[in-house]
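What follows is a set of notes on a single structure, which appears directly below.
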Amino acid sequence: MCGIVGLFLKDKSLEPELGALLSSMLVTMTDRGPDSAGIAIYGDASGSNAKITIQSANPKKDFAGLEAELGEAVGAPVAIQVKSTHAVITLARDLLDTGKAAVAELRPNVRIMSSGDAIEIYKETGLPKDVVSRFAVNSMAGTHGIGHTRMATESAVTTLGAHPFSTGSDQCLVHNGSLSNHNNLRRELKREGMTFETENDTEVAAAYLTAEMAKGKNLGQALEGAVDDLDGFFTFVVGTKSGFGVVRDAIACKPAVMAETDQYVAFGSEYRALVNLPGIENARVWEPEPATVYFWDHQKVA
């Protein structure tokens, strides 16, 4: 049993409140998963820069001097903002892959949580209220985001095992459920060139979507394929640079509720995650149908 939340903002005036709204939603789901928690925030993707979010078990040692070393390695200035055990590296977009390779070489014990133009992922073991407080998520602005609080059932309680999982640029996924064919699918995806850091079935689901979108599918099409290709019980909430998607398996035994107003689209494992959203009393509220893809894209929202 895990708790999932998601918020896709249509109204730009709410963007300064995204972190606070998502944090409140996630904390409400604490009893669905007290082991670990994580949140992905999609911010402004304008300009020529990209971001790499990294995590360290020993941040004082690993982050010391990294800005200068990394700048020398990529041959251009970089900026690093440290947030507890995580840090956000900002660098020129065309140096993103070079930067990730340099991080791996300079700090082999550091883990890359996410990379892309807009995404930042923060996740750690512990209660949601402690995780969002540690990273000051309440003060973060953005266009959309997703969150997860985990009750581990099949793998260890670790930072890497926490959700969201990101396996592609500006892509991430959170999951409530259990996949039964993830081992076979992991082997297939490895043959296609995907890499994995954990044995978690959710990482396989994220990698599946990344691989499908790399073939030219949009998020909606990739989620439609997931209904046929992934076996088990699942509710997925997915983020891309401009999009937000939801899909449940054909049985749909995992709880889910959605709400939509002129200002936002929201997802929660239970309705109580949505009750403090502005204007929720006037929202269209529904339970997403089994084996049905729902997705929204800022490039298509007026």
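Every heavy atom of this structure was used, including side-chain atoms; hydrogens, water molecules and symmetry mates were not.
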Heavy-atom side-chain contact between I39 and F135 under 4.5 Å = no

Do D117 and K241 meet the salt-bridge criterion of a basic N to acidic O distance under 4.0 Å?
-> yes

Residue pair V5 / M29, side-chain heavy-atom distance below 4.5 Å = yes

Can you check side-chain contact (heavy atoms from CB on, under 4.5 Å) on V257 and L274, steps first, answer last?
-> CA-CA 9 Å; V257 61; L274 313 180; 4.0 Å; yes

F233: which other cluster members, linking ILVMFWY side chains closer than 4.5 Å, directly or transitively?
-> I251

Rounded to the nearest 0.5 Å, what separation is found between the OG atom of S169 and the CZ atom of R93?
-> 9.5 Å

Output yes when E224 and K217 qualify as a salt bridge under the 4.0 Å nitrogen-oxygen rule, no when they do not.
-> no

Taking side chain as C-beta onward, heavy atoms only, is H298 less than 4.5 Å from T143?
-> yes

So CE of M194 and CG of L185: to nearest 0.5 Å the spacing works out to 10.5 Å

Give the minimum heavy-atom separation between C2 and N176, together with the two atoms involved.
-> N-OD1, 3.3 Å

Hey, can you tell me if F8 and W296 have their rings parallel, tilted or perpendicular (30° and 60° cut-offs)?
-> tilted

Is there side-chain contact between L277 and M25, with at least one heavy-atom pair below 4.5 Å?
-> yes

Is there side-chain contact between T235 and F267, with at least one heavy-atom pair below 4.5 Å?
-> yes

With the side chain counted from C-beta on, respond yes when R32 and S269 share a heavy-atom pair under 4.5 Å apart, and no when they do not.
-> yes

Shared ILVMFWY cluster between V238 and V204, side chains joined below 4.5 angstrom?
-> yes

Distance-only, no hydrogens or angles: does the D201 side chain make a donor-acceptor pair with backbone N or O of H182 under 3.5 Å?
-> no

Spatial distance of atom CE (M213) from atom CG (L219) [nearest 0.5 Å] | 5.5 Å

Sorted by chain and number, sequence neighbours left out, side-chain hydrogen bond (donor to acceptor under 3.5 Å, both in side chains) with R186 holds for N183

Single-linkage hydrophobic cluster L173~I112, side-chain heavy atoms < 4.5 angstrom | no

Any chain of hydrophobic side-chain contacts (each under 4.5 Å) joining M113 to F165?
-> no

Quick check: does any side chain N or O of Y42 sit under 3.5 Å from a backbone N or O of G239, one acting as donor and the other as acceptor?
-> yes

State whether a side-chain donor-acceptor pair under 3.5 Å links T90 with N49.
-> no

Are D229 and Y208 linked by a side-chain donor-acceptor pair shorter than 3.5 Å?
-> yes

Are a donor atom and an acceptor atom from the side chains of T53 and E120 found within less than 3.5 Å of each other?
-> no

Looking at D262 and K10, does any basic side-chain N land under 4.0 Å from a carboxylate oxygen?
-> no

Do you see a donor-acceptor pair shorter than 3.5 Å between the side chains of E124 and T159?
-> yes

Indicate yes or no for a side-chain donor-acceptor contact from N181 to the backbone of N184 under 3.5 Å, with no hydrogens or angles considered.
-> no

Check step by step if side-chain contact (heavy atoms from CB on, under 4.5 Å) holds for I89 and L70.
-> CA-CA 9 Å; I89 302 165; L70 190 57; 3.6 Å; yes

I41 and I119: CA distance, side-chain angles, deciding distance, side-chain contact (heavy atoms from CB on, under 4.5 Å) verdict | CA-CA 6 Å; I41 296 283; I119 190 173; over 6 Å; no

Roughly how far, to the nearest 0.5 Å, is the CD atom of E203 from the CG atom of L189?
-> 10.5 Å

Just wondering, more than 12 heavy atoms not from E197 lying within 6.0 Å of its CD?
-> yes

Determine yes or no for a side-chain-to-main-chain donor-acceptor pair under 3.5 angstrom, with S84 supplying the side chain and H86 the backbone.
-> no

Hydrophobic cluster membership, V103 vs V88, 4.5 Å side-chain cutoff | no

Sequence neighbours excluded, which residues qualify as ring-ring contact (aromatic ring centres under 6.0 Å, His included) partners of F236?
-> H175, F234

Side chains of S115 and L96: closer than 4.5 Å at any heavy-atom pair?
-> yes

Lys/Arg N to Asp/Glu carboxylate O, R111 vs D62, below 4.0 Å | no

Straight-line distance of S242 OG to Q299 CD, nearest 0.5 Å | 4.0 Å

Pair L66-R107, side-chain contact (heavy atoms from CB on, under 4.5 Å): steps then yes or no = CA-CA 8 Å; L66 181 58; R107 299 291 191 274; 3.9 Å; yes

Distance-minimising heavy-atom pair for V74 and G99 = CG1-CA, 3.9 Å

Output yes when a side-chain donor or acceptor of S24 lies under 3.5 Å from a complementary backbone atom of L22, and no otherwise.
-> no

Give the cluster check for V131 versus L160: same hydrophobic cluster or not, with ILVMFWY residues linked at side-chain heavy-atom distances below 4.5 Å.
-> no

Carboxylate-amine/guanidinium proximity below 4.0 Å for E287 and R248 = yes

Closest heavy-atom pair and its distance - A87, I80 | CB-CG2, 3.8 Å

Side-chain heavy atoms of K123 within contact of H148, under 4.5 Å = no

Which atoms form the tightest heavy-atom contact between C172 and I146, and what is the distance?
-> SG-CD1, 3.4 Å

Nearest atoms (heavy-atom pairs only) where A222 meets L209 = O-CD2, 3.6 Å

Could you tell me whether a side-chain N or O of H144 sits under 3.5 Å from a main-chain N or O of G243, the two making a donor and an acceptor?
-> yes

Do we see a donor-acceptor contact under 3.5 Å between the side chains of N200 and T202?
-> yes

Check whether the side chains of Q171 and T210 place a donor and an acceptor atom closer than 3.5 Å, and report yes or no.
-> yes

Are the side chain of Y122 and the backbone of T85 linked by a donor-acceptor contact shorter than 3.5 Å?
-> no

Which atoms form the tightest heavy-atom contact between A102 and A73, and what is the distance?
-> CB-CB, 4.0 Å

Inter-residue atom distance N276.CG - T28.OG1, 0.5 Å rounding = 6.0 Å

